[in-house]
There are 2 protein chains.
Amino acid sequence: MARPRIKDVARLAGVSEKTVSNVINDYTHVSDRTRRAVRDAIEELGYKVNLAGRHLRQGRTGIIALVIPELDVPYFAELARHVIREAERRSLTVLIHQTGADRDHELAALTGFGSSFVDGVILSPLALTSDDLRDSAGAPPTVLIGELLEEGADHVAIDNEKAAREATEHLLGLGRRSIMVIGGRDDARLGTAEARTRGYRAALAEAGVAYDPAALLPVESFRTPDGAESLARALSEGARPDALLCLNDQLALGALRTLHEHGIRVPEEVAVIGFDDVEAGRFSVPTLSTVAPDKAAVAQVAVELLQRRMDEAMGSASTDASSTVVRSPQDLVVAHRLVLRESTEGVSGVLRSEAGWDRQGQGAAGRE
Amino acid sequence: MARPRIKDVARLAGVSEKTVSNVINDYTHVSDRTRRAVRDAIEELGYKVNLAGRHLRQGRTGIIALVIPELDVPYFAELARHVIREAERRSLTVLIHQTGADRDHELAALTGFGSSFVDGVILSPLALTSDDLRDSAGAPPTVLIGELLEEGADHVAIDNEKAAREATEHLLGLGRRSIMVIGGRDDARLGTAEARTRGYRAALAEAGVAYDPAALLPVESFRTPDGAESLARALSEGARPDALLCLNDQLALGALRTLHEHGIRVPEEVAVIGFDDVEAGRFSVPTLSTVAPDKAAVAQVAVELLQRRMDEAMGSASTDASSTVVRSPQDLVVAHRLVLRESTEGVSGVLRSEAGWDRQGQGAAGRE
DNA sequence: GCTAGTTTTTACATCGATGTACATTGGCTG
DNA sequence: CAGCCAATGTACATCGATGTAAAAACTAGC
């Protein structure tokens with residue numbers, strides 16, 4: 001038994017195909033009687049609209065792509081969860097694409113995967129340059145999250161520089177003066193790492209602490225092993241920091257492990273703070289202080305903005321030259337806050353003392 | 001400038017639309033000269049095939065759905081990475097769908113999301129029953145991973161019972177006799193938790209250790225907080241285990257945290273072992289012993305099997321009654337191995353001593 | 001130079017849903 | 001009850017790519 005078509009429903013309900021279509025799409029002027037008859041026929045046949053047909057006709061798929069470097073980096077996974085929820089609320093389906101931080105993959109994503117089946121893209125770039133962005137004409141509407149690229153694209157992120165300054169100030173407030181930055185970079189790029197490094201330097205400057213470029217530990221990628229290894233290397237070369245500003249929680253968790261292996265007590269000898277507030281940091285030994293971005297807000301704002309762009313794109317397609325007032329690119333900033341735990345405060349038993357926006361709906365545990 | 005169509009390419013190349021299509025699809029009988037002309041025209045216009053048209057015509061989308069309960073459960077994220085890679089190799093695109101362990105969502109996934117735009121589904125069910133599975137006629141080809149449902153569906157997983165028995169034997173071999181099972185369940189369902197609990201009981205029986213149903217700690221979900229909380233509750237009720245068999249690593253990590261808060265030394269006083277071998281367990285304090293499934297193999301086998309099913313489905317659609325020899329459902333078992341780390345062995349510094357299949361291509365770190 | 005056979009190319013119909021433009025129906029006003 | 005308007009419903013063309021069937025172009029053999 002083949003899948004039923006609109007034609008079959010129409011025949012069963014005794015109306016035209018278009019009327020069935022009208023019912024499906026909640027068109028206003030359909031009498032209740034007709035509507036009911038069609039609904040019954042749909043029910044009886046188990047009819048489901050065929051996306052291909054609709055897509056071909058309307059040019060929309062209702063699918064947006066979420067393009068991220070690595071799915072198994074917990075931060076991205078947590079973010080993805082929020083994006084999916086937000087998209088579902090707008091009856092959009094999310095297609096997740098993983099680039100492996102590869103420039104070609106990111107470019108492919110930008111141009112809609114060589115075909116046209118995504119209506120929009122939320123992209124977390126790592127390897128992409130602003131040139132790539134500029135060249136990608138004909139791409140579907142795109143919103144960037146995380147990294148900021150100079151050229152005018154829509155963008156959502158926390159104020160990374162400010163967040164890093166606050167985190168550094170916290171460490172300075174604990175009396176630490178030798179603060180190393182795992183993942184820090186001081187070059188001219190406009191990336192997240194650079195912004196956070198700037199915040200770090202600003203805090204140092206304000207506190208009158210000298211900045212030593214050797215305090216920046218470069219990493220290959222921002223994953224746990226890199227954090228562990230880069231710190232191990234630094235320690236073996238004689239570094240003796242009293243605090244670590246890790247540019248994400250994965251690096252911090254790796255660093256915690258290395259400190260443990262070296263028998264260095266946290267936070268007594270070395271205080272550690274990260275970024276992202278991933279779940280693992282709430283259960284590590286010691287628990288991890290961190291800069292917590294409002295992930296739900298990032299997701300919400302990003303999806304909302306993308307939807308607006310998609311609507312604009314559709315609109316201008318029909319009205320053509322008229323409303324081609326492409327609104328200027330938005331650069332939206334989302335809230336963050338410092339979450340202080342054992343790795344800087346030393347306090348224990350904070351496990352259930354947390355509350356607020358960041359807690360709600362985190363995982364299936366939220367079902368209770 | 002609108003996207004070019006096949007028509008535009010045909011006009012520019014001075015051939016018919018079908019010829020362009022033939023070139024695109026590598027049809028054999030096209031002269032080199034024509035082929036080159038068409039290729040040039042495609043190049044010049046920047047033509048990309050429109051998926052909607054192709055989909056409508058062929059009934060295939062090249063998209064498969066990976067349906068999992070929670071994206072931010074690291075095990076699923078890691079698995080997803082492998083599935084994506086495997087699918088890419090076969091030029092399939094993966095759409096990731098998150099059910100939140102919700103039955104309705106899982107059902108929706110089974111039936112192709114109410115529309116027809118996925119060619120196949122890889123589903124990791126949690127709440128679904130075998131009845132649901134049986135009822136879902138007209139669904140796209142589906143391969144289950146993880147949970148085993150009784151009714152004949154294709155299925156890929158490790159031998160959970162055997163794995164749990166080995167893990168338990170390991171704990172018994174350390175002289176532990178009071179082994180609690182976090183996440184354990186002893187009911188009649190055919191789930192992963194049940195299989196692992198059976199393995200646990202088998203090991204106990206073989207070693208002549210009495211089985212106490214109170215050793216099974218139920219959990220709401222299989223996430224870190226649940227592990228922490230269920231163990232805390234048990235301890236407060238007077239439980240004094242000398243080992244914990246945690247049915248996944250997230251539970252184990254939560255348990256480690258609770259043990260730490262209670263000042264209980266691992267593994268001296270309590271040995272801990274988990275399942276899944278997620279990255280966090282390689283860097284926790286202490287590092288986590290675990291049953292490591294060959295995730296790459298799970299992904300590879302699942303995608304391969306699904307592709308075969310999809311091909312069969314297409315084939316029988318054209319040949320109709322002839323080749324409707326629906327091959328019987330496969331139940332494939334993938335390798336696993338015990339990875340012993342500090343939480344049972346107490347040895348330190350194993351960090352870089354690991355090697356083997358499980359290590360390769362884990363994350364961007366593999367780029368070096 | 002013609003026939004038979006093969007390769008290359010084409011015109012046209014088709015996949016399923018929906019927009020357009022028009023036909024029909026019913027209700028209301030005067 | 002004619003005349004109009006608004007509410008409903010319909011026929012048909014269309015979105016873009018590709019399968020079908022058949023025409024056109026070419027090759028080889030005699």
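So you know, we letter chains A, B, ... as the sequences are listed, proteins then strands, and number each from 1. Just so it is clear, the model here is predicted, and its values are computed rather than measured.
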Nearest to side-chain heavy atoms of [X], which nucleotide of [options]:
{"X": "A/Lys18", "options": "C/dT20, D/dA17, C/dA17", "result": "C/dT20"}
{"X": "B/Ser16", "options": "C/dA11, C/dT7, C/dT18", "result": "C/dA11"}
{"X": "A/Ser21", "options": "C/dT10, C/dA17, C/dT18", "result": "C/dT18"}
{"X": "A/Thr19", "options": "D/dG9, C/dG16, C/dT8", "result": "D/dG9"}
{"X": "B/Val30", "options": "C/dT9, C/dT10, C/dT18", "result": "C/dT9"}
{"X": "A/Thr34", "options": "C/dT18, D/dG9, D/dA17", "result": "D/dG9"}
{"X": "B/Ile6", "options": "C/dT10, D/dA17, C/dA17", "result": "D/dA17"}

Quick one: are B/Met310 and B/Leu306 in side-chain contact, heavy atoms under 4.5 Å?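 They are in contact (side-chain heavy atoms under 4.5 Å apart), so the answer is yes.
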Under 4.5 Å between any side-chain heavy atoms of A/Leu95 and A/Thr93, yes or no? no
Start at the 5' end of DNA chain C and walk down; is the nucleotide closest to B/Tyr27 or to B/Leu56 reached first? B/Tyr27
Less than 4.0 angstrom from a charged side-chain N to a carboxylate O is my criterion; do B/Glu17 and B/Arg5 meet it?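 No salt bridge links B/Glu17 with B/Arg5.
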Inspect the contact between B/Glu88 and B/Arg85 and indicate whether a charged nitrogen and a carboxylate oxygen are less than 4.0 angstrom apart. no
Within less than 4.0 Å of OP1 or OP2 of [N], is there a side-chain N or O belonging to [X]?
{"X": "A/Asn22", "N": "C/dT18", "result": "no"}
{"X": "A/Arg57", "N": "D/dT14", "result": "no"}
{"X": "A/Ser31", "N": "D/dG9", "result": "yes"}
{"X": "A/Gln58", "N": "C/dG19", "result": "yes"}
{"X": "B/Tyr47", "N": "D/dA17", "result": "yes"}
{"X": "B/Arg54", "N": "D/dT18", "result": "yes"}

Measure CG/A/Asn50 against P/C/dT18 and give the value in whole Å, please.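 These atoms are roughly 10 Å apart.
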Whole Å only: how far is the NZ atom of A/Lys48 from the C1' atom of C/dG16? 16 Å
To the nearest 10°, let me know how far the axis at one end of the helix from C/dG1-D/dC30 to C/dG30-D/dC1 is tilted from the axis at the other, five pairs an end.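 Angle reported: 40°, given to the nearest ten degrees.
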Is the side chain of B/Asp154 donor-acceptor paired with the backbone N or O of B/Pro329 at a distance under 3.5 Å, no angle test? no
Base, sugar-phosphate, or nothing: which does A/Val15 touch, judged by heavy atoms less than 4.0 Å apart? sugar-phosphate
